Amino acid sequence: MHRPPAWTSAAALPKVPPPLAAEQGLMRLSAYFLPLLRENPSEAQIVSHRLMLRAGMIRQSSAGIYSWLPLGLRALKQVEQIVREEQDASGALEVLMPTIQPAELWQESGRYDDYGKEMLRITDRHERAMLYGPTNEEQITDIFRHSIKSYRDLPKNFYHIQWKFRDEVRPRFGVMRGREFLMKDAYSFDIDKRSAVTAYFKMFVAYMKTFKRMGLKPIPVRAETGPIGGDLSHEFHVQADTGESELYFDSDVVLLDENRIDPASLTVQDDIAGWYAATDEKHDPAEFETRVPEARRRHARGIEVGQIFYFGTKYSKPMGAVVVGPGDEPIPVEMGSYGIGVSRLVGAIIEAGHDDAGIIWPESVAPFRLGLVNLRAGDARCIAAADELYAKLCAAGIETLYDDRDESPGAKFAAMDLIGLPYQLVVGPRGIDKGVVELKERGTGKRQELSPEAALNRLGAK
RNA sequence: CGGGGCGUAGCUCAGCCUGGUAGAGCGCCAGCUUUGGGAGCUGGAAGCCGGAGGUUCGAAUCCUCUCGCCCCGACCA
């Protein structure tokens with residue numbers, strides 16, 4: 001039997017209430033795009049990758065390249081915003097450099113040949129050699145040298161948050177090791193080493209604050225400088241069994257208080273070096289044993305979420321980033337660079353926060369703060385109660401995802417646990433009879449029955 | 001880049017060894033019943049079996065080549 005396509009009949013369209021103007025930042029699930037997967041996709045081996053796919057956050061396009069769907073994009077933007085705020089607070093200046101760069105810049109620094117196959121090389125229609133940037137030292141140095149000519153304009157620190165491409169031989173673990181990834185990279189310019197090291201430790205402090213705000217316990221470890229070059233570097237790791245790096249550290253490193261670090265202090269480096277923490281490349285078993293009491297020695301795996309480098313004049317000399325000093329002499333500037341894997345952090349945060357049922361977002365990065373659940377979408381009283389709560393949450397500016405779908409209660413609970421919003425507010429017929437709603441904390445699993453007003457208060461509304 | 005594995009419906013997979021009209025569960029659509037932890041029944045839609053060659057009367061199945069994806073290792077935010 002032939003049926004006309006649904007769009008020929010207005011009656012066939014699903015009835016979705018139009019979003020109110022006041023609903024900005026809030027969302028009815030019936031109008032959202034949240035393609036949940038009930039089963040584990042076979043390609044995903046580690047938990048964050050599985051959960052991101054199952055929770056409808058990302059979709060793979062090709063190996064190591066992903067689309068970010070609405071829920072995932074919200075989480076990504078939350079992470080990005082925290083990174084931005086802490087960079088701004090440290091005095092760094094946000095810019096935005098292009099993804100596509102001219103090869104000449106990289107030929108100048110000598111890295112065009114060094115970088116190898118990881119760099120995606122492109123030719124434009126005029127046969128000009130271009131590349132999709134794996135990082136931006138050359139680009140920012142070029143900007144700097146065109147405009148900054150005097151030591152009196154220093155220090156400066158520029159950052160941007162931009163997509164990078166590194167043609168990894170073997171991308172894996174979802175967004176944790178993609179070929180295309182979102183990265184915050186900052187570049188500092190100073191007149192001398194002393195000042196450059198201060199810039200370095202300013203970033204050190206900013207990084208500690210950034211990761212802690214995301215509910216993580218960062219472990220800063222001494223690191224190799226690798227192809228970026230230089231002689232001072234730290235990596236910041238999040239502990240996770242699925243991490244790719246091996247760490248050796250003093251368990252007291254978690255006591256390191258970034259608020260008490262003075263980046264300008266002459267002894268800051270020694271202070272931080274006072275805590276033993278190293279990747280396996282830098283690990284010295286003899287030193288580990290003499291300096292750290294056995295009870296505090298830790299050997300664990302970690303996910304690298306950031307790395308900072310001081311590399312002196314490695315780029316400024318070949319590229320002519322030179323300022324005039326107080327005595328009229330030319331001085332190549334002292335540089336550092338500072339990266340945070342923004343898209344990787346989303347995966348790392350999930351690795352650090354989940355259970356068998358799904359993701360457990362820290363409030364600071366959760367894509368929504370609250371999931372409002374109408375357990376019985378066909379019931380007029382439930383609809384009225386849930387709609388009223390939704391309107392109040394909306395007015396209070398509490399980011400809410402409102403599950404108004406006509407699904408079974410079990411499916412709704414499972415979906416909420418999977419996407420892991422910090423709070424769930426459940427409206428059901430049982431509670432309505434008693435004049436209560438149920439507030440559940442995703443992290444602890446604690447639930448309590450409250451009057452709607454009390455629940456709103458608890459969530460900070462009104 | 002070395003080694004291994006897998007491509008069949010949106011997802012998870014069976015069928016392949018031993019060639020003979022393409023299957024299941026979940027999801028999706030319609031209807032009815034249900035409703036506090038992934039509901040039930042009935043009916044339905046949906047796949048050039050990754051692609052190209054070959055063998056054969058006949059290929060998801062056998063052979064060759066290719067492309068894609070995943071895993072282990074070496075390398076990297």
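Bear in mind that the values here come from a model prediction, so they are computed numbers and not experimental data. Every chain is numbered from 1, with letters handed out A, B, ... down the list of sequences.
Residue A:Leu375 is in base contact, counting any heavy-atom pair closer than 4.0 Å across all strands shown. A:Lys440 comes within contact range of at least one nucleobase, with a heavy-atom separation under 4.0 Å. Using a 4.0 Å heavy-atom distance criterion, A:Gly178 is classed as a base contact. Here A:Gly431 lies in heavy-atom contact (under 4.0 Å) with a base. Here A:Asp185 lies out of heavy-atom contact (under 4.0 Å) with every strand. The residue A:Arg447 sits close to a base: some heavy atom pair falls under 4.0 Å. Among the heavy atoms of the strands lying under 4.0 Å from A:Gln60 are primed sugar atoms or P, OP1, OP2 only; no base atom is included. Counting any heavy atom pair closer than 4.0 Å across all strands shown, A:Ser62 reaches sugar-phosphate atoms only and no base atom. Residue-level contact check: A:Arg179 touches neither bases nor backbone, having no heavy atom under 4.0 Å from any strand. Residue A:Gly339 is out of contact with every strand shown, counting any heavy-atom pair closer than 4.0 Å.
Taking every side-chain heavy atom of A:Glu43 into account, B:rC69 is the closest of B:rC1, B:rC26, B:rC69. Closest to the side chain of A:Ser42, out of B:rG27, B:rU12, B:rG36, is B:rU12. Among the nucleotides B:rG36, B:rC26, B:rC71, the one closest to any side-chain atom of A:Glu39 is B:rC26. Nearest to the side chain of A:Lys117, among B:rC1, B:rC70, B:rC75, sits B:rC1. Listed nucleotides B:rC28, B:rG36, B:rC69 differ in distance to A:Glu407; the shortest reach to its side chain belongs to B:rC28. The A:Pro429 side chain lies nearest to B:rG36 when the options are B:rG36, B:rC26, B:rC69. Candidate nucleotides B:rG38, B:rA74, B:rU35 were compared by shortest atom distance to the side chain of A:Arg172, and B:rA74 ranks first.
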Item to complete: Under the side-chain hydrogen bond (donor to acceptor under 3.5 Å, both in side chains) rule, what do A:Ser195 and A:Glu334 come out as? Steps first, then yes or no, please.
Response: CA-CA 8 Å; A:Ser195 162; A:Glu334 295 276 333; over 6 Å; no
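A:Gln424 has its CD atom 17 Å from the P atom of B:rG36, to the nearest Å. Distance A:Tyr66 OH to B:rC70 P: 6 Å, rounded to the nearest Å. One atom, NZ of A:Lys412, and another, C1' of B:rG36, lie 12 Å apart when rounded to the nearest Å. Atom CG in A:Asp355 sits roughly 14 Å away from atom C1' in B:rG37 (whole-Å rounding). Counting to the nearest Å, the C1' atom of B:rG37 and the CZ atom of A:Arg38 are 12 Å from each other. Taking atom CD of A:Glu244 as the reference point, atom P of B:rA74 lies 11 Å away to the nearest angstrom. Straight-line distance from the CG atom of A:Asp167 to the C1' atom of B:rC1: 13 Å, rounded to whole Å.
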Determine all donor-acceptor pairs shorter than 3.5 Å in which one atom belongs to a side chain in residues 240-248 of chain A; sequence neighbours excluded.
unit_1	atom_1	unit_2	atom_2	d
A:Thr242	OG1	A:Glu351	OE1	2.7
A:Glu246	OE2	A:His299	NE2	2.8
A:Tyr248	OH	A:His299	NE2	3.3

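Separating the C1' atom of B:rG5 from that of B:rA22 is a span of 25 Å, rounded to the nearest Å. Between the P atoms of B:rU18 and B:rU61, the separation comes to 14 Å (whole Å). A distance of about 8 Å separates the C1' atoms of B:rG15 and B:rA60, rounded to the whole Å.
Under the 4.0 Å criterion applied to side-chain N and carboxylate O atoms, A:Glu441 and A:Arg447 are not assigned as salt-bridge partners. A salt bridge between A:Asp406 and A:Lys412 is absent, with no side-chain N of the basic residue lying under 4.0 Å from a carboxylate O of the acidic one. A salt bridge links A:Asp417 and A:Lys440; the closest N-O separation between the charged side-chain nitrogens and carboxylate oxygens is under 4.0 Å. Taking 4.0 Å as the cut-off between side-chain N and carboxylate O, A:Glu118 and A:Arg166 do not count as a salt-bridged pair.
Using Watson-Crick or G-U wobble geometry with both donor-acceptor distances under 3.5 Å, B:rU12 finds its partner in B:rA24. Searching all strands for a Watson-Crick or G-U wobble partner of B:rA46 with both distances below 3.5 Å returns nothing. In this structure, B:rC75 forms no base pair with any nucleotide, since neither Watson-Crick nor G-U wobble geometry is met with both distances under 3.5 Å. Using Watson-Crick or G-U wobble geometry with both donor-acceptor distances under 3.5 Å, B:rC65 finds its partner in B:rG51. Applying the Watson-Crick and G-U wobble criteria (two distances, each under 3.5 Å), B:rG38 pairs with nothing in any strand.
Two residues, A:Glu449 and A:Phe173, neighbour RNA chain B, and the one matched to the more 5' nucleotide by heavy-atom proximity is A:Glu449. Mapping A:Val436 and A:His49 onto RNA chain B by nearest heavy atom places A:Val436 at the nucleotide closer to the 5' end.
Of all the heavy atoms in A:Glu138 and A:Ser109, the pair that sits closest is OE2-OG, 2.6 Å.
Between A:Tyr115 and A:Trp106, the gap from one ring centroid to the other is short of 6.0 Å.
Within 3.5 Å, a donor on the side chain of A:Arg54 pairs with an acceptor on the base of B:rG38, or the reverse.
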